[in-house]
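The structure displayed is predicted, hence computed values, not measured ones. Every chain is numbered from 1, with letters handed out A, B, ... down the list of sequences.
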Number of protein chains: 2
Amino acid sequence: MKSNEPAPVAPRNKVTIHDIAEKLNITASTVSRALNDNPRISDVTKKAVLKAAKQLNYQPNNIAAALRNGKSYIIGIIIPTADRSFFASVVRGIEEIANKLNYKVIISQSYDNYDKEVQTVDALLSARVDGIIASIGKNTENFDHFKRPQEKGIPLVLFDRTTDDLEVSQVMIDDYLGAYKVVEHLIQQGCRRIAHFTSPKKVSIFKERLRGYLDALRDHEIPFDESLVIKSNLQLEDGRESMKQLLKLEQRPDAVFSASDYGAMGAMQVAKEQGLKVPQDIALAGFGNEPFTSFSDPALTTVDQFSLTMGRITAELFFENFKQSGDNKLVPQKTVLKPELIIRGSSLKGTGPKK
Amino acid sequence: MKSNEPAPVAPRNKVTIHDIAEKLNITASTVSRALNDNPRISDVTKKAVLKAAKQLNYQPNNIAAALRNGKSYIIGIIIPTADRSFFASVVRGIEEIANKLNYKVIISQSYDNYDKEVQTVDALLSARVDGIIASIGKNTENFDHFKRPQEKGIPLVLFDRTTDDLEVSQVMIDDYLGAYKVVEHLIQQGCRRIAHFTSPKKVSIFKERLRGYLDALRDHEIPFDESLVIKSNLQLEDGRESMKQLLKLEQRPDAVFSASDYGAMGAMQVAKEQGLKVPQDIALAGFGNEPFTSFSDPALTTVDQFSLTMGRITAELFFENFKQSGDNKLVPQKTVLKPELIIRGSSLKGTGPKK
DNA sequence: CCTTTAAGGGCAACCGATTGCATTTCTCAC
DNA sequence: GTGAGAAATGCAATCGGTTGCCCTTAAAGG
């Protein structure tokens with residue numbers, strides 16, 4: 001039946017404020033104001049508009065509003081990868097705050113790839129986000145692409161993997177302190193030859209962790225042995241290689257502090273494969289408190305970074321700057337969170353005092 | 001010096017095609033066409049426009065284009081959480097394909113929360129995404145909110161956690177087959193009392209895994225014992241609890257197949273704590289091939305879901321439907337991928353034939 | 001009864017890019 | 001020299017809301 005209809009064009013759901021206006025015999029401006037709860041519109045009209053909107057199944061076109069307002073109510077997040085509990089949690093924290101303020105969030109991943117990171121910045125900019133929150137990729141050494149948002153008046157805030165080469169607000173944890181605590185703990189457990197896995201990259205977090213390691217050794221009058229510091233990409237496989245390298249040394253280390261949990265996990269695998277007992281023969285500690293660190297046997301001592309909190313704080317800082325933006329040139333703020341040492345089986349020899 | 005400048009208004013970088021047009025003494029339409037490489041524009045003009053655009057640091061306003069075209073070139077992804085290697089990888093696969101086609105991707109997380117999921121759908125819709133790719137939250141039992149995109153002509157494709165209550169294309173893996181293979185493998189290893197951790201939720205993936213478990217038992221003439229099937233939320237802690245429950249049984253199981261890797265990991269912890277040897281005393285297997293499954297000791301037997309591939313295929317399916325959308329009502333397609341059994345130490349007793 | 005004023009809306013420009021339909025300019029052929 | 005046609009642009013409407021400013025109406029004040 002009715003096989004000759006005027007073409008079943010997809011019901012292009014084109015309900016606009018004009019349709020509502022027409023239905024009520026008023027103008028679009030009134031509808032717009034009514035929907036935005038503008039005091040110039042009477043309650044009667046507002047109710048009528050709301051009702052009609054519901055009836056027609058009206059869906060506001062934010063793109064039009066964004067065009068007119070110059071605001072999209074979207075903020076872009078750039079992270080190396082979402083596939084890391086740390087970053088995922090930070091995003092969650094940011095989202096929490098942003099949603100409260102009616103902002104949506106676009107997540108994009110740079111995969112620690114410099115080119116992709118540059119592209120991503122441009123992509124977000126061209127998507128007209130209202131601001132960007134980012135954590136810099138491992139391989140990034142030139143930060144010019146992060147200057148572009150600011151040139152355009154798009155606020156930028158960095159977290160965790162930051163740089164001082166840019167004049168932006170940043171939120172990070174005290175990597176130095178975290179590392180210092182780990183090493184001090186290992187020393188208290190009786191370790192004297194403590195190895196360290198670090199990264200060759202120009203990322204401040206790794207430099208800080210190395211610095212914490214060095215200072216802790218120094219403060220406890222333990223001589224520094226360069227052969228115990230191994231640079232790698234800090235992934236599982238790198239940890240394995242690094243550990244193998246360490247075990248070839250004449251004087252084996254009695255502990256390893258890896259600047260990443262993955263590296264520590266690789267070290268644990270190799271240690272066990274070689275018949276070494278953890279922590280008796282060799283104590284291990286990582287950094288980051290990735291969930292899997294509690295799954296291993298023994299569970300891994302590590303440093304918690306309060307990722308959720310970091311996300312929240314980053315977002316709050318962002319929105320603070322955000323309001324300001326325009327008149328007073330906001331002074332970039334640097335927020336540093338205190339990390340927490342999580343002591344688990346991989347470093348607990350039970351000899352030293354459990355501090 | 002120069003302390004009395006005309007107010008250092010933020011350089012509102014308002015370069016539009018009109019500015020370019022003015023500079024070159026042509027019109028905006030010509031500039032637009034030149035930028036879009038329209039054949040009606042001469043090469044000379046095109047080059048001039050490109051040059052001027054660069055000089056002025058022109059940045060196209062996609063919002064304006066989106067408004068005009070009715071396309072945002074953004075597709076929304078809804079996942080329960082990005083903090084799971086599986087979902088993160090799928091997203092990566094989707095992104096890969098989408099970026100090739102010049103689409104950007106918005107990720108939003110439902111956190112397995114029904115209300116948040118509903119909100120998210122609306123948020124994406126009002127952000128005017130061109131399409132939605134989603135994986136349904138665990139607690140979702142009503143799917144009406146997923147009908148809205150379709151009503152508006154916004155294509156929707158589901159992956160992994162799907163439902164047949166909706167007429168949409170979906171991509172999933174053969175959970176039944178994966179589970180069947182796992183259980184068959186355990187049987188071949190000599191296990192006879194095989195427990196199963198499943199979820200009480202109405203999510204098809206868990207039902208399918210259960211079905212695979214049951215059928216494998218039946219096909220190998222192993223009697224089904226209801227007390228060996230334990231329902232929980234399948235997280236680490238749940239796995240621990242479930243395992244404790246199992247160990248209280250008069251007839252302990254000699255194997256556990258958990259529908260999630262987390263559950264299996266919890267079981268392993270408890271087993272080891274109770275002095276049981278894995279896999280000698282009890283074999284274990286999970287599902288999902290989360291990265292941490294290779295970190296445990298022994299490493300966990302599990303099922304790989306080809307998440308990256310799933311993402312790519314989902315995106316391809318999406319864009320296929322996408323083109324069609326409008327005229328011919330696209331017939332929803334269902335793509336089922338074959339999973340792969342990953343055999344590791346937690347189930348290898350070395351007795352049965354390594355098939 | 002006339003004026004003032006506030007309330008409630010309407011008008012129309014605007015945001016920036018896109019595009020169907022002219023219009024202008026050349027080139028070529030007759 | 002003139003008309004046909006192609007080539008290269010210009011004009012103006014459009015996408016859907018938003019907003020400054022103007023207009024109408026009616027209650028309030030004198």
message: So if I take every side-chain heavy atom of A:A65 and compare against D:dT18, D:dT19, D:dT9, which nucleotide ends up nearest?
response: D:dT18
message: Distance check needed: C:dG16 P versus A:K152 NZ, whole Å only.
response: 13 Å
- prompt: Given the rule in the side-chain contact (heavy atoms from CB on, under 4.5 Å) test, do A:V118 and A:R148 qualify, once you have shown the distances and angles that lead to the verdict?
  reply: CA-CA 10 Å; A:V118 175; A:R148 297 216 270 275; 3.6 Å; yes
query: Under 3.5 Å, is there an N or O donor on one side and an acceptor on the other linking the side chain of A:R68 and the base of C:dG16?
result: no
query: With respect to the side chain of A:S32, which nucleotide from D:dT9, D:dT19, C:dG9 is positioned closest?
result: D:dT19
- request: Please report, rounded to the nearest Å, how far the P atom of C:dC15 is from the CG atom of B:D19.
  value: 11 Å
field: Pair A:Q109-A:T120, side-chain contact (heavy atoms from CB on, under 4.5 Å): steps then yes or no
entry: CA-CA 8 Å; A:Q109 305 171 259; A:T120 294; over 6 Å; no
query: From C:dG16, D:dT9, C:dG9, pick the nucleotide closest to the side chain of B:R40?
result: D:dT9
Between P of C:dC14 and NZ of B:K14, the distance in whole Å: 14 Å
task: Just compare C:dA17, D:dG20, D:dT9 and give me whichever is closest to any side-chain atom of B:T45.
output: D:dT9
- request: Measure from OH on B:Y58 to C1' on C:dG16 and round the result to the nearest Å.
  value: 8 Å
statement: Rounded to whole Å, CZ of A:R33 lies from C1' of C:dA7 at a distance of 13 Å
- prompt: In whole angstroms, how far is the P atom of C:dT18 from the CD1 atom of B:I20?
  reply: 11 Å
field: D:dA8 phosphate, OP1 or OP2, under 4.0 Å from B:K46 side-chain N/O
entry: no
field: Distance below 4.0 Å between A:T27 side-chain N/O and C:dC11 OP1 or OP2
entry: no
N/O (side chain, B:N69) to phosphate O (OP1/OP2, C:dA17) under 4.0 Å: no
statement: Whole-Å distance, B:N38 CG to C:dT18 C1', equals 11 Å
field: B:N36 side-chain proximity, nearest of D:dG16, D:dT9, C:dT18
entry: C:dT18
query: Is the phosphate of C:dG9, meaning OP1 or OP2, less than 4.0 Å from a side-chain N or O of A:S42?
result: yes
message: Rounding to an integer number of Å, can you tell me how far A:I63 CD1 sits from C:dA17 P?
response: 14 Å
- prompt: Below 4.0 angstrom from OP1 or OP2 of D:dT18, is there any side-chain N or O of A:S29?
  reply: no
field: Ionic contact status for B:D19 with B:K14, cut-off 4.0 Å
entry: no
- prompt: Between C:dC21, C:dA17, D:dG16, which nucleotide has the shortest distance from any of its atoms to the side chain of A:T16?
  reply: D:dG16
message: Show, in sequence, the C-alpha distance, side-chain angles and deciding distance for A:T30 and A:T27, and conclude whether the side chain to side chain donor-acceptor pair (under 3.5 Å) test is met.
response: CA-CA 5 Å; A:T30 303; A:T27 62; 3.2 Å; yes
Minimum heavy-atom distance A:A21-A:A28, with the two atoms named: CB-N, 3.6 Å
message: Given C:dG16, C:dG10, D:dG10, identify the nucleotide with an atom nearest to the side chain of B:I26.
response: D:dG10
message: Which nucleotide wins on minimum distance to the side chain of A:L67, given the candidates D:dG17, C:dC15, C:dT18?
response: C:dC15
task: Measure up the B:H145 and B:Y114 rings against each other and bin them: parallel (under 30°), tilted (30 to 60°), perpendicular (over 60°).
output: perpendicular
